[in-house]
J.: 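My questions all concern the structure below.
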Amino acid sequence: MFKHAIVRKPCKNFQFGISTSNLGKPDYQRALLQHSKYVEALIKCNLSVLELNEDSRFPDSTFVEDTAIVDEAFAVTTNFGVKSRQGEQIEIKDKLKTFYNTLESIRNPGTLEGGDIMKVEEHYYIGLSNRTNDEGANQLKRILKRYGYSSTTVPLKKVLHLKTGISYLGDAILLVSGEFKNHPDFRKYNLIEVQESEVYATNSLRVNKYVLIPKGYVNLKKQLLNFSFRVIELEMSEFEKMDGGLSCLSLRF
Ligand code: GLY
């Protein structure tokens with residue numbers, strides 16, 4: 001069970017973050033409203049939420065998931081593979097010190113971002129992306145091994161981060177789209193395939209008894225209800241414009 005979440009409000013420079021979506025400029029007031037609904041949903045999932053103030057130095061800083069890997073017994077701050085986000089992890093590190101006795105970190109020349117890390121029970125998958133390199137992955141693997149976890153790397157073909165195209169929902173069930181539909185590493189799981197027109201919703205998020213999904217993805221919602229998941233739908237349009245999904249908006253531990 002997750003008990004805590006850390007989130008950060010989108011900042012006034014949110015529109016200047018990295019985006020490949022071609023969906024237009026985000027509406028800042030709408031982004032703030034969508035973010036507040038996201039926080040409410042985490043509270044409904046029984047999490048105690050630490051909400052950090054906006055940080056206009058970093059347009060993408062609302063996507064806190066990329067700053068750290070957080071587990072029960074350890075936390076690892078990351079090292080961004082993209083220049084405009086380097087430094088986002090510094091304040092997060094300070095905050096994590098109130099929850100963890102020891103903190104690990106990924107260091108140069110290793111780069112690694114939290115969106116590339118997916119935990120499935122006692123195993124971690126590490127996406128090798130444009131943001132996470134072999135050295136970063138190897139540093140994380142060594143840390144995970146010390147804490148008793150196995151890990152494997154997954155070279156990515158098209159997606160920004162690993163969890164752009166695959167999400168773990170618990171109970172050996174994975175949501176998959178695109179390059180992960182027939183991926184040999186994930187055949188052993190129970191796969192829910194997200195159809196091409198709903199690909200954004202692949203980044204859905206299991207939090208305790210609920211699955212958070214972006215609003216408006218009717219086929220996925222139906223599929224999840226067939227599996228008896230309790231679904232919470234959230235408007236995510238302004239974050240989608242900036243290449244961000246549901247998992248990106250929080251650290252959960
Ligand atoms: N806009 C989120 C990212 O590219 O990291």
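This structure is a prediction, so every number in the text was calculated from the model and none was measured. All ligand and atom numbering here is 1-based and tracks the order in the structure. Values below: every heavy atom of this structure, side chains too, minus hydrogens, waters and symmetry copies.
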J.: Can an N or O of D66 be found at a distance shorter than 3.5 Å from an N or O of ligand 1?
T.: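 So ligand 1 has no N or O lying under 3.5 Å from an N or O of D66.
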
J.: side-chain hydrogen bond (donor to acceptor under 3.5 Å, both in side chains) with S247: which of E65, R206, K163?
T.: E65

J.: Looking only at N/O atoms, are M242 and ligand 1 under 3.5 Å apart anywhere?
T.: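 Among all N and O atoms of M242, at least one is under 3.5 Å from an N or O of ligand 1.
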
J.: Please list the nearest protein heavy atom to atom 5 (O) of ligand 1 with its residue and the distance rounded to 0.1 Å.
T.: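 It is R85 NH1, 2.7 Å.
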
J.: Report yes if some N/O of D243 lies less than 3.5 Å from some N/O of ligand 1; otherwise report no.
T.: no

J.: Which ligand 1 atoms are under 4.0 Å away from a heavy-atom of F63?
T.: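 Listed by number with element, the hits are 1 (N), 2 (C).
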
J.: Are L156 and F186 connected in a single hydrophobic cluster, I mean Ile/Leu/Val/Met/Phe/Trp/Tyr linked by side-chain heavy atoms less than 4.5 Å apart?
T.: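 Hydrophobic grouping puts F186 with L156.
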
J.: Going by the angle between their ring planes, with limits at 30° and 60°, are Y189 and Y125 parallel, tilted or perpendicular?
T.: perpendicular

J.: Is the shortest heavy-atom distance from the side chain of F80 to the side chain of F58 under 4.5 Å?
T.: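 Sidechains of F58 and F80: no contact.
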
J.: If the plane angle is over 60° it's perpendicular, under 30° parallel, otherwise tilted; pick one for F253 and F99.
T.: perpendicular

J.: Below 30° counts as parallel, above 60° as perpendicular, anything between as tilted: where do the rings of F239 and F63 land?
T.: perpendicular

J.: Regarding ligand 1, does R131 bring an N or O atom to under 3.5 Å of one of the ligand's N or O atoms?
T.: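 Checking ligand 1 against R131, an N or O pair does fall under 3.5 Å apart.
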
J.: If the test is side-chain hydrogen bond (donor to acceptor under 3.5 Å, both in side chains), which one of T78, D66, T67 qualifies with R85?
T.: D66

J.: Which residue and atom name correspond to the protein heavy atom nearest atom 2 (C) of ligand 1, and how close is it?
T.: D60 OD1, 3.4 Å

J.: With heavy atoms under 4.0 Å as the rule, classify the contact between E113 and ligand 1 as side chain, backbone, both or neither.
T.: neither

J.: Give the contacting part of I18 toward ligand 1: side chain, backbone, both or neither, where contact means a heavy-atom distance below 4.0 Å.
T.: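 Both backbone and side chain of I18 come within 4.0 Å of ligand 1.
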
